Amino acid sequence: MNRLRFPLNIIKKAYEKVGKDFVITYRISADEFVEGGLTIEDSKIIAPILEAAGIKAIHVSGAVYKSGHLPSAPYQATTALFSDLAKEIKSVVSIPIIAVNKINTPYVAESILKQGKADFVAIGRASIADPEFPSKVREGRLEDIIPCISCDQGCQGYIALQKPVSCLVNPRTGREGEYNLEKVENPKKVMIIGGGLAGMQAGVVAAIKGHKVEIFEKADRLGGRWLLAAIPPSKEIFNSFVVYLKGQLDKHKVKVHLNTEVTEELINIFKPDHIILSAGSNPIAIPFKGLETNKNVVQANEILAGKVLPGRNVAIVGGGLVGMETAEHLAVHNSSVTVIEMKETCLEEMAGIPKVFMMKSLEHNKVAIRLGTKLEEIKENSIVISKNGVSEELQVDQIILAIGARPNLALDEIIKGKFSYTKAGDITGVADGIASVKEGYEAALNIK
(Lines give C-alpha, C1' and ligand atoms only; values in the text may rest on other atoms or scores of the structure.)
Protein backbone atom coordinates (compact mmCIF):
# COMPACT_ATOMS: atom_id res chain seq x y z
CA MET A 1 0.00 0.00 0.00
CA ASN A 2 2.95 2.37 0.41
CA ARG A 3 3.15 2.70 -3.39
CA LEU A 4 -0.39 4.13 -3.28
CA ARG A 5 -0.10 6.24 -0.13
CA PHE A 6 0.45 9.52 -2.00
CA PRO A 7 -2.49 9.24 -4.45
CA LEU A 8 -4.81 7.81 -1.79
CA ASN A 9 -4.03 10.71 0.53
CA ILE A 10 -4.73 13.16 -2.29
CA ILE A 11 -8.06 11.47 -3.08
CA LYS A 12 -9.05 11.47 0.61
CA LYS A 13 -8.14 15.14 1.09
CA ALA A 14 -9.90 16.16 -2.11
CA TYR A 15 -13.14 14.53 -1.04
CA GLU A 16 -12.89 16.21 2.35
CA LYS A 17 -12.87 19.52 0.49
CA VAL A 18 -15.55 18.90 -2.15
CA GLY A 19 -17.75 16.16 -0.70
CA LYS A 20 -18.31 12.56 -1.75
CA ASP A 21 -20.81 13.45 -4.48
CA PHE A 22 -18.18 15.36 -6.45
CA VAL A 23 -16.86 13.46 -9.49
CA ILE A 24 -13.12 12.79 -9.31
CA THR A 25 -11.58 10.68 -12.07
CA TYR A 26 -8.12 9.15 -12.10
CA ARG A 27 -5.76 8.99 -15.04
CA ILE A 28 -3.37 6.06 -14.94
CA SER A 29 -0.51 4.79 -17.09
CA ALA A 30 -1.71 1.22 -16.93
CA ASP A 31 1.52 -0.03 -18.50
CA GLU A 32 4.61 2.16 -18.42
CA PHE A 33 6.47 0.15 -21.09
CA VAL A 34 9.83 0.47 -19.32
CA GLU A 35 11.88 -2.08 -17.45
CA GLY A 36 10.89 -2.02 -13.77
CA GLY A 37 7.84 0.16 -14.41
CA LEU A 38 4.18 -0.57 -13.83
CA THR A 39 2.69 -3.36 -15.91
CA ILE A 40 -0.95 -3.97 -16.70
CA GLU A 41 -1.02 -6.70 -14.02
CA ASP A 42 0.16 -4.16 -11.43
CA SER A 43 -2.52 -1.72 -12.53
CA LYS A 44 -5.24 -4.37 -12.30
CA ILE A 45 -4.40 -4.58 -8.60
CA ILE A 46 -4.29 -0.81 -8.21
CA ALA A 47 -7.59 -0.04 -9.99
CA PRO A 48 -9.94 -1.69 -7.44
CA ILE A 49 -8.13 0.13 -4.63
CA LEU A 50 -8.77 3.43 -6.42
CA GLU A 51 -12.43 2.48 -6.86
CA ALA A 52 -12.72 1.70 -3.16
CA ALA A 53 -11.17 5.12 -2.39
CA GLY A 54 -14.08 6.80 -4.17
CA ILE A 55 -12.72 7.42 -7.69
CA LYS A 56 -15.70 7.71 -10.05
CA ALA A 57 -13.97 6.75 -13.33
CA ILE A 58 -10.53 5.67 -14.50
CA HIS A 59 -8.92 7.17 -17.57
CA VAL A 60 -6.56 4.51 -18.96
CA SER A 61 -3.43 5.72 -20.70
CA GLY A 62 0.08 4.27 -20.85
CA ALA A 63 3.82 4.94 -20.88
CA VAL A 64 6.04 7.42 -19.00
CA TYR A 65 8.64 9.97 -20.04
CA LYS A 66 11.17 7.35 -21.17
CA SER A 67 8.54 5.71 -23.38
CA GLY A 68 7.13 9.11 -24.33
CA HIS A 69 6.83 8.30 -28.04
CA LEU A 70 3.76 6.16 -27.26
CA PRO A 71 1.12 8.40 -25.56
CA SER A 72 0.61 10.58 -28.65
CA ALA A 73 0.97 7.67 -31.02
CA PRO A 74 1.86 8.76 -34.57
CA TYR A 75 0.72 7.24 -37.84
CA GLN A 76 3.23 4.39 -37.53
CA ALA A 77 1.63 3.07 -34.31
CA THR A 78 -1.35 0.75 -33.96
CA THR A 79 -4.71 2.50 -33.95
CA ALA A 80 -6.21 2.88 -30.45
CA LEU A 81 -3.14 1.12 -29.07
CA PHE A 82 -4.10 1.61 -25.40
CA SER A 83 -7.68 0.33 -25.78
CA ASP A 84 -6.69 -3.21 -24.73
CA LEU A 85 -5.25 -1.76 -21.52
CA ALA A 86 -8.62 -0.10 -20.90
CA LYS A 87 -10.33 -3.44 -21.44
CA GLU A 88 -8.10 -5.10 -18.86
CA ILE A 89 -8.80 -2.42 -16.25
CA LYS A 90 -12.53 -2.56 -17.00
CA SER A 91 -12.49 -6.29 -16.16
CA VAL A 92 -11.59 -5.61 -12.50
CA VAL A 93 -13.75 -2.58 -11.59
CA SER A 94 -17.39 -1.54 -11.88
CA ILE A 95 -16.84 2.21 -12.38
CA PRO A 96 -16.69 3.70 -15.91
CA ILE A 97 -13.49 3.33 -17.94
CA ILE A 98 -12.23 5.93 -20.42
CA ALA A 99 -10.03 4.89 -23.37
CA VAL A 100 -7.56 7.26 -25.02
CA ASN A 101 -4.83 7.58 -27.68
CA LYS A 102 -5.09 7.52 -31.47
CA ILE A 103 -8.86 7.24 -31.53
CA ASN A 104 -9.10 9.43 -34.59
CA THR A 105 -12.27 8.35 -36.42
CA PRO A 106 -15.88 7.80 -35.34
CA TYR A 107 -15.61 4.20 -36.49
CA VAL A 108 -12.68 3.47 -34.19
CA ALA A 109 -14.44 5.13 -31.25
CA GLU A 110 -17.66 3.22 -31.87
CA SER A 111 -15.76 -0.06 -32.21
CA ILE A 112 -14.13 0.40 -28.79
CA LEU A 113 -17.50 1.03 -27.16
CA LYS A 114 -19.26 -1.85 -28.94
CA GLN A 115 -16.50 -4.28 -27.96
CA GLY A 116 -16.95 -3.26 -24.35
CA LYS A 117 -13.36 -2.17 -23.99
CA ALA A 118 -14.42 1.13 -22.41
CA ASP A 119 -17.47 3.16 -21.43
CA PHE A 120 -16.15 6.46 -22.81
CA VAL A 121 -13.51 7.52 -25.33
CA ALA A 122 -11.28 10.58 -25.01
CA ILE A 123 -10.42 12.20 -28.32
CA GLY A 124 -7.56 14.70 -28.21
CA ARG A 125 -5.64 15.25 -31.43
CA ALA A 126 -8.67 14.50 -33.62
CA SER A 127 -10.43 17.33 -31.75
CA ILE A 128 -7.51 19.62 -32.55
CA ALA A 129 -7.87 18.66 -36.21
CA ASP A 130 -11.61 19.30 -36.05
CA PRO A 131 -13.14 20.88 -32.91
CA GLU A 132 -16.59 20.10 -34.37
CA PHE A 133 -15.83 16.36 -34.47
CA PRO A 134 -18.57 15.37 -31.93
CA SER A 135 -21.19 17.64 -33.49
CA LYS A 136 -20.54 16.33 -37.00
CA VAL A 137 -20.82 12.74 -35.76
CA ARG A 138 -24.10 13.52 -34.01
CA GLU A 139 -25.45 15.17 -37.17
CA GLY A 140 -24.28 12.34 -39.43
CA ARG A 141 -21.88 14.57 -41.38
CA LEU A 142 -18.96 12.15 -41.27
CA GLU A 143 -17.64 13.27 -44.68
CA ASP A 144 -17.21 16.79 -43.29
CA ILE A 145 -14.91 15.73 -40.44
CA ILE A 146 -11.39 17.05 -41.02
CA PRO A 147 -9.37 13.84 -40.59
CA CYS A 148 -6.55 13.63 -38.05
CA ILE A 149 -3.67 11.83 -39.77
CA SER A 150 -1.63 11.32 -36.58
CA CYS A 151 1.33 13.22 -38.01
CA ASP A 152 2.09 14.95 -34.66
CA GLN A 153 3.47 17.99 -36.51
CA GLY A 154 1.31 20.91 -35.44
CA CYS A 155 0.34 19.51 -32.04
CA GLN A 156 3.09 17.60 -30.24
CA GLY A 157 5.73 18.69 -32.74
CA TYR A 158 5.02 22.38 -32.22
CA ILE A 159 4.79 21.96 -28.45
CA ALA A 160 8.28 20.42 -28.48
CA LEU A 161 9.51 23.51 -30.34
CA GLN A 162 7.67 25.78 -27.87
CA LYS A 163 5.43 27.06 -30.66
CA PRO A 164 1.66 27.62 -30.43
CA VAL A 165 -0.38 24.51 -31.23
CA SER A 166 -1.64 24.27 -34.79
CA CYS A 167 -2.63 21.42 -37.10
CA LEU A 168 -1.47 20.28 -40.52
CA VAL A 169 -4.97 19.44 -41.71
CA ASN A 170 -6.63 22.48 -40.10
CA PRO A 171 -4.58 25.72 -40.13
CA ARG A 172 -7.50 27.51 -38.44
CA THR A 173 -6.72 25.65 -35.20
CA GLY A 174 -5.29 28.24 -32.83
CA ARG A 175 -6.09 31.04 -35.28
CA GLU A 176 -9.87 31.04 -35.08
CA GLY A 177 -9.90 34.75 -34.28
CA GLU A 178 -7.64 35.58 -37.23
CA TYR A 179 -9.12 33.43 -39.99
CA ASN A 180 -12.47 34.94 -41.00
CA LEU A 181 -14.56 32.56 -43.14
CA GLU A 182 -17.50 34.91 -43.66
CA LYS A 183 -18.66 35.47 -47.24
CA VAL A 184 -17.02 38.32 -49.14
CA GLU A 185 -19.08 41.21 -50.50
CA ASN A 186 -17.43 41.19 -53.92
CA PRO A 187 -16.73 37.62 -55.13
CA LYS A 188 -13.83 37.19 -57.55
CA LYS A 189 -13.15 34.81 -60.40
CA VAL A 190 -10.25 32.78 -59.04
CA MET A 191 -7.90 30.56 -61.00
CA ILE A 192 -5.85 28.07 -58.97
CA ILE A 193 -2.88 26.62 -60.83
CA GLY A 194 -1.85 23.34 -59.25
CA GLY A 195 -3.96 20.77 -57.45
CA GLY A 196 -1.64 19.69 -54.67
CA LEU A 197 -2.41 20.24 -50.99
CA ALA A 198 -1.96 24.01 -51.18
CA GLY A 199 -4.13 24.37 -54.26
CA MET A 200 -6.87 22.09 -52.96
CA GLN A 201 -6.99 23.82 -49.57
CA ALA A 202 -7.02 27.21 -51.27
CA GLY A 203 -9.89 26.08 -53.48
CA VAL A 204 -12.02 24.95 -50.55
CA VAL A 205 -11.49 28.12 -48.52
CA ALA A 206 -11.93 30.49 -51.48
CA ALA A 207 -15.22 28.78 -52.34
CA ILE A 208 -16.41 28.98 -48.72
CA LYS A 209 -15.66 32.71 -48.86
CA GLY A 210 -17.96 32.97 -51.88
CA HIS A 211 -15.50 33.26 -54.76
CA LYS A 212 -16.01 31.47 -58.08
CA VAL A 213 -13.12 29.01 -58.15
CA GLU A 214 -11.59 26.69 -60.73
CA ILE A 215 -8.51 24.49 -60.25
CA PHE A 216 -6.18 23.55 -63.12
CA GLU A 217 -3.94 20.50 -62.60
CA LYS A 218 -1.55 19.09 -65.19
CA ALA A 219 -1.66 15.54 -63.76
CA ASP A 220 -4.57 13.10 -64.04
CA ARG A 221 -5.47 13.42 -60.34
CA LEU A 222 -5.43 15.84 -57.45
CA GLY A 223 -3.03 15.57 -54.53
CA GLY A 224 0.37 16.38 -56.01
CA ARG A 225 3.40 15.19 -54.04
CA TRP A 226 1.17 14.36 -51.06
CA LEU A 227 0.06 11.24 -52.92
CA LEU A 228 3.69 10.08 -52.88
CA ALA A 229 4.00 11.00 -49.20
CA ALA A 230 1.28 8.41 -48.51
CA ILE A 231 3.23 5.56 -50.18
CA PRO A 232 5.87 4.70 -47.49
CA PRO A 233 5.01 2.20 -44.75
CA SER A 234 2.17 3.16 -42.37
CA LYS A 235 1.42 6.43 -44.19
CA GLU A 236 -1.72 5.35 -46.03
CA ILE A 237 -3.76 7.40 -43.54
CA PHE A 238 -2.31 10.52 -45.21
CA ASN A 239 -4.56 9.81 -48.21
CA SER A 240 -7.61 10.50 -46.04
CA PHE A 241 -6.81 14.21 -46.15
CA VAL A 242 -6.81 14.24 -49.97
CA VAL A 243 -10.13 12.36 -49.97
CA TYR A 244 -11.56 14.92 -47.52
CA LEU A 245 -10.38 17.89 -49.61
CA LYS A 246 -11.76 16.37 -52.82
CA GLY A 247 -15.10 15.91 -51.08
CA GLN A 248 -15.10 19.53 -49.93
CA LEU A 249 -14.22 20.78 -53.42
CA ASP A 250 -17.24 18.88 -54.76
CA LYS A 251 -19.47 20.12 -51.93
CA HIS A 252 -18.56 23.76 -52.58
CA LYS A 253 -18.84 23.35 -56.36
CA VAL A 254 -15.21 24.03 -57.27
CA LYS A 255 -14.61 23.08 -60.90
CA VAL A 256 -11.49 20.97 -61.42
CA HIS A 257 -9.62 20.63 -64.73
CA LEU A 258 -7.29 17.61 -64.77
CA ASN A 259 -4.68 16.80 -67.44
CA THR A 260 -4.48 20.53 -68.11
CA GLU A 261 -1.16 22.28 -68.63
CA VAL A 262 -1.63 25.97 -67.88
CA THR A 263 -0.16 28.33 -70.50
CA GLU A 264 -0.19 32.08 -70.93
CA GLU A 265 -2.87 31.61 -73.59
CA LEU A 266 -5.10 29.64 -71.22
CA ILE A 267 -4.75 32.29 -68.52
CA ASN A 268 -5.70 35.02 -70.99
CA ILE A 269 -8.74 33.03 -72.11
CA PHE A 270 -9.88 32.39 -68.52
CA LYS A 271 -9.35 36.05 -67.53
CA PRO A 272 -9.13 35.55 -63.74
CA ASP A 273 -9.55 38.35 -61.25
CA HIS A 274 -6.99 36.60 -59.07
CA ILE A 275 -4.58 33.67 -59.45
CA ILE A 276 -3.31 31.38 -56.71
CA LEU A 277 -0.13 29.86 -58.06
CA SER A 278 0.64 26.51 -56.46
CA ALA A 279 2.56 24.91 -59.31
CA GLY A 280 4.80 22.83 -57.07
CA SER A 281 8.47 22.05 -57.53
CA ASN A 282 10.93 20.03 -59.57
CA PRO A 283 13.71 17.72 -58.31
CA ILE A 284 17.15 19.27 -57.99
CA ALA A 285 19.67 17.97 -60.52
CA ILE A 286 23.27 18.13 -59.25
CA PRO A 287 25.86 17.23 -61.91
CA PHE A 288 27.59 14.40 -60.05
CA LYS A 289 30.51 12.87 -61.92
CA GLY A 290 29.18 10.02 -64.05
CA LEU A 291 25.54 11.05 -63.72
CA GLU A 292 24.85 11.75 -67.39
CA THR A 293 26.12 8.40 -68.63
CA ASN A 294 24.52 6.16 -66.01
CA LYS A 295 21.10 4.65 -66.65
CA ASN A 296 20.78 3.33 -63.10
CA VAL A 297 20.20 6.79 -61.58
CA VAL A 298 16.58 7.66 -60.75
CA GLN A 299 14.68 10.17 -58.65
CA ALA A 300 13.08 9.07 -55.36
CA ASN A 301 9.70 10.30 -56.59
CA GLU A 302 9.92 7.92 -59.56
CA ILE A 303 10.41 5.01 -57.18
CA LEU A 304 7.55 6.04 -54.89
CA ALA A 305 5.24 6.61 -57.85
CA GLY A 306 5.98 3.12 -59.19
CA LYS A 307 7.35 4.50 -62.45
CA VAL A 308 10.69 2.71 -61.95
CA LEU A 309 11.26 -0.70 -60.39
CA PRO A 310 13.62 -0.61 -57.39
CA GLY A 311 16.98 -2.34 -57.45
CA ARG A 312 18.02 -5.08 -55.06
CA ASN A 313 21.08 -3.21 -53.77
CA VAL A 314 20.50 0.54 -53.79
CA ALA A 315 22.15 3.73 -52.60
CA ILE A 316 19.92 6.66 -51.72
CA VAL A 317 21.60 10.06 -51.89
CA GLY A 318 19.95 12.37 -49.35
CA GLY A 319 18.97 11.77 -45.73
CA GLY A 320 16.01 14.11 -45.53
CA LEU A 321 12.41 12.99 -45.14
CA VAL A 322 11.97 11.85 -48.75
CA GLY A 323 15.25 9.93 -48.79
CA MET A 324 14.70 8.17 -45.47
CA GLU A 325 11.08 7.29 -46.19
CA THR A 326 12.12 5.90 -49.57
CA ALA A 327 14.81 3.91 -47.77
CA GLU A 328 12.26 2.45 -45.35
CA HIS A 329 9.83 1.71 -48.19
CA LEU A 330 12.45 -0.23 -50.15
CA ALA A 331 13.95 -2.00 -47.14
CA VAL A 332 10.52 -3.27 -46.11
CA HIS A 333 10.24 -4.71 -49.63
CA ASN A 334 13.57 -6.54 -49.28
CA SER A 335 16.00 -4.20 -51.00
CA SER A 336 19.41 -3.71 -49.41
CA VAL A 337 19.64 0.04 -48.77
CA THR A 338 22.45 2.46 -47.97
CA VAL A 339 21.69 6.15 -47.37
CA ILE A 340 24.37 8.73 -48.14
CA GLU A 341 23.99 12.09 -46.37
CA MET A 342 26.50 14.96 -46.35
CA LYS A 343 25.31 16.36 -43.02
CA GLU A 344 26.05 14.76 -39.67
CA THR A 345 22.31 14.40 -38.98
CA CYS A 346 19.32 13.06 -40.88
CA LEU A 347 15.56 13.65 -40.81
CA GLU A 348 16.04 17.19 -39.51
CA GLU A 349 12.58 18.26 -40.69
CA MET A 350 10.69 15.35 -39.10
CA ALA A 351 8.66 15.72 -35.89
CA GLY A 352 10.27 14.04 -32.90
CA ILE A 353 7.73 11.31 -32.11
CA PRO A 354 7.33 9.91 -35.66
CA LYS A 355 11.12 10.12 -35.98
CA VAL A 356 11.55 7.68 -33.08
CA PHE A 357 9.38 5.14 -34.90
CA MET A 358 11.14 5.80 -38.21
CA MET A 359 14.63 5.26 -36.78
CA LYS A 360 13.54 2.04 -35.07
CA SER A 361 12.12 0.77 -38.37
CA LEU A 362 15.27 1.68 -40.30
CA GLU A 363 17.38 -0.14 -37.75
CA HIS A 364 15.07 -3.17 -37.79
CA ASN A 365 15.20 -3.32 -41.58
CA LYS A 366 19.00 -2.99 -41.59
CA VAL A 367 19.25 0.28 -43.52
CA ALA A 368 22.85 1.52 -43.50
CA ILE A 369 23.02 5.28 -42.84
CA ARG A 370 26.30 6.96 -43.79
CA LEU A 371 26.31 10.46 -42.29
CA GLY A 372 28.91 13.14 -43.01
CA THR A 373 29.52 11.38 -46.31
CA LYS A 374 29.78 12.86 -49.79
CA LEU A 375 28.98 11.27 -53.14
CA GLU A 376 32.04 11.74 -55.36
CA GLU A 377 31.34 9.67 -58.46
CA ILE A 378 28.73 7.42 -60.03
CA LYS A 379 30.04 4.38 -61.88
CA GLU A 380 28.25 1.64 -63.84
CA ASN A 381 27.62 -0.68 -60.86
CA SER A 382 29.07 1.29 -57.97
CA ILE A 383 29.48 4.69 -56.37
CA VAL A 384 32.51 6.39 -54.89
CA ILE A 385 31.90 8.14 -51.57
CA SER A 386 34.18 9.97 -49.18
CA LYS A 387 34.21 10.89 -45.51
CA ASN A 388 36.90 13.00 -43.85
CA GLY A 389 38.98 12.77 -47.01
CA VAL A 390 38.89 8.96 -47.15
CA SER A 391 37.32 7.49 -50.30
CA GLU A 392 35.40 4.23 -50.54
CA GLU A 393 33.68 2.39 -53.39
CA LEU A 394 30.29 0.75 -52.80
CA GLN A 395 28.78 -1.85 -55.13
CA VAL A 396 25.17 -0.91 -55.99
CA ASP A 397 22.80 -1.62 -58.86
CA GLN A 398 20.72 1.56 -58.49
CA ILE A 399 21.31 5.13 -57.30
CA ILE A 400 18.26 7.02 -56.05
CA LEU A 401 18.47 10.80 -55.73
CA ALA A 402 16.56 12.50 -52.90
CA ILE A 403 18.49 15.74 -52.68
CA GLY A 404 15.61 18.17 -52.63
CA ALA A 405 13.56 20.22 -55.06
CA ARG A 406 13.33 23.73 -56.46
CA PRO A 407 10.16 25.80 -56.93
CA ASN A 408 8.58 25.62 -60.39
CA LEU A 409 8.62 29.32 -61.28
CA ALA A 410 7.93 29.15 -65.01
CA LEU A 411 4.44 30.64 -64.75
CA ASP A 412 5.52 33.12 -62.10
CA GLU A 413 7.50 35.00 -64.73
CA ILE A 414 4.56 34.97 -67.14
CA ILE A 415 1.90 36.39 -64.81
CA LYS A 416 4.08 38.80 -62.83
CA GLY A 417 2.85 42.36 -63.33
CA LYS A 418 -0.10 41.22 -65.44
CA PHE A 419 -2.44 39.61 -62.92
CA SER A 420 -3.26 39.83 -59.24
CA TYR A 421 -1.79 36.67 -57.73
CA THR A 422 -0.38 34.96 -54.66
CA LYS A 423 1.81 31.88 -54.32
CA ALA A 424 1.32 28.90 -52.04
CA GLY A 425 2.94 25.54 -51.40
CA ASP A 426 6.25 24.26 -52.77
CA ILE A 427 6.50 27.16 -55.19
CA THR A 428 7.24 29.48 -52.25
CA GLY A 429 10.38 27.55 -51.35
CA VAL A 430 9.56 23.82 -51.19
CA ALA A 431 7.25 23.74 -48.20
CA ASP A 432 6.41 20.75 -46.04
CA GLY A 433 2.80 19.61 -45.62
CA ILE A 434 1.92 21.85 -42.69
CA ALA A 435 3.35 24.94 -44.40
CA SER A 436 1.72 24.13 -47.75
CA VAL A 437 -1.75 23.78 -46.28
CA LYS A 438 -1.36 26.95 -44.22
CA GLU A 439 -0.16 28.91 -47.24
CA GLY A 440 -3.06 27.66 -49.36
CA TYR A 441 -5.53 28.58 -46.61
CA GLU A 442 -4.11 32.08 -46.19
CA ALA A 443 -3.81 32.69 -49.93
CA ALA A 444 -7.56 32.12 -50.23
CA LEU A 445 -8.35 34.31 -47.22
CA ASN A 446 -6.31 37.18 -48.62
CA ILE A 447 -7.90 37.43 -52.05
CA LYS A 448 -8.60 41.13 -52.60
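For the numbers below, each heavy atom of this structure counts, side chains included, while hydrogens, waters and symmetry mates do not. What you see is a predicted model; the values in this text were computed from it and never measured.
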Determine the interplanar angle of the Phe270 and Phe216 rings, folded into 0 to 90°, and report it as parallel if under 30°, tilted if 30 to 60°, perpendicular if over 60°.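 Perpendicular: the ring planes of Phe270 and Phe216 meet at over 60°.
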Classify the ring geometry of Trp226 against Phe241: parallel below 30°, tilted from 30° to 60°, perpendicular beyond 60°.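 Trp226 and Phe241: perpendicular rings.
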Consider only side-chain N and O atoms of [X] and [Y], and report whether a donor and an acceptor are under 3.5 Å apart.
| X | Y | answer |
| --- | --- | --- |
| Glu439 | Thr428 | yes |
| Gln115 | Ser111 | yes |
| Thr338 | Arg370 | no |
| Glu214 | His257 | yes |

In Å, rounded to the nearest 0.5 Å, how long is the span from [atom1] of [X] to [atom2] of [Y]?
| X | Y | atom1 | atom2 | answer |
| --- | --- | --- | --- | --- |
| Leu227 | Leu222 | CG | CG | 8.5 Å |
| His69 | Asp152 | NE2 | CG | 12.0 Å |
| Glu328 | Ser361 | CD | OG | 3.5 Å |
| Leu304 | Leu330 | CG | CG | 7.5 Å |
| Ile40 | Asp84 | CD1 | CG | 9.5 Å |
| Leu411 | Thr263 | CG | OG1 | 8.5 Å |

Verify side-chain contact (heavy atoms from CB on, under 4.5 Å) between Cys148 and Phe133, making sure each step is shown before the conclusion. CA-CA 10 Å; Cys148 172; Phe133 184 108; over 6 Å; no
Expected output: side-chain [X] to main-chain [Y] donor-acceptor under 3.5 Å:
| X | Y | answer |
| --- | --- | --- |
| Arg141 | Val137 | no |
| Ser67 | Glu32 | yes |
| Ser278 | Ala424 | no |
| Thr373 | Leu371 | yes |
| Thr260 | Leu258 | yes |
| Gln153 | Cys151 | no |
| Asn101 | Leu70 | yes |
| Ser335 | Gly311 | yes |

Go through the structure and list residues passing side chain to side chain donor-acceptor pair (under 3.5 Å) with [X], not counting sequence neighbours.
| X | answer |
| --- | --- |
| Ser382 | Glu393 |
| Ser281 | Asp426 |
| Lys218 | none |
| Thr422 | His274 |

What is the minimum heavy-atom distance between [X] and [Y], and which atoms define it?
| X | Y | answer |
| --- | --- | --- |
| Pro187 | Gly210 | CB-O, 3.3 Å |
| Pro287 | Leu291 | CA-CD2, 4.3 Å |
| Ile340 | Leu375 | CG2-N, 4.3 Å |
| Leu113 | Ala118 | CD2-O, 3.5 Å |
| Met358 | Leu347 | CG-CD1, 3.6 Å |
| Asp144 | Asp130 | O-OD2, 3.7 Å |

Worked verdict on Lys343 versus Glu341 for salt bridge (charged side-chain N to carboxylate O under 4.0 Å, His left out): CA-CA 6 Å; Lys343 296 180 181 179; Glu341 170 56 51; 5.7 Å; no
Under the salt bridge (charged side-chain N to carboxylate O under 4.0 Å, His left out) rule, collect the residues that match up with [X], sequence neighbours excluded.
| X | value |
| --- | --- |
| Lys355 | none |
| Asp31 | none |
| Lys90 | Asp119 |
| Glu143 | none |

Taking only residues at least two apart or on different chains, which pairs with a member in [range] satisfy side chain to side chain donor-acceptor pair (under 3.5 Å)?
| range | result |
| --- | --- |
| residues 394-417 | Asp412-Tyr421 |
| residues 178-196 | Tyr179-Glu442 |
| residues 227-244 | Lys235-Glu325 |

Which pairs, with at least one residue in residues 293-304 and sequence neighbours excluded, count as a salt bridge (Lys or Arg N to Asp or Glu O under 4.0 Å)?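 Salt bridge (Lys or Arg N to Asp or Glu O under 4.0 Å) check on residues 293-304 returns no pairs.
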Between Phe357 and Tyr75, does the ring centre distance come in under 6.0 Å?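 So the answer is no for these two rings.
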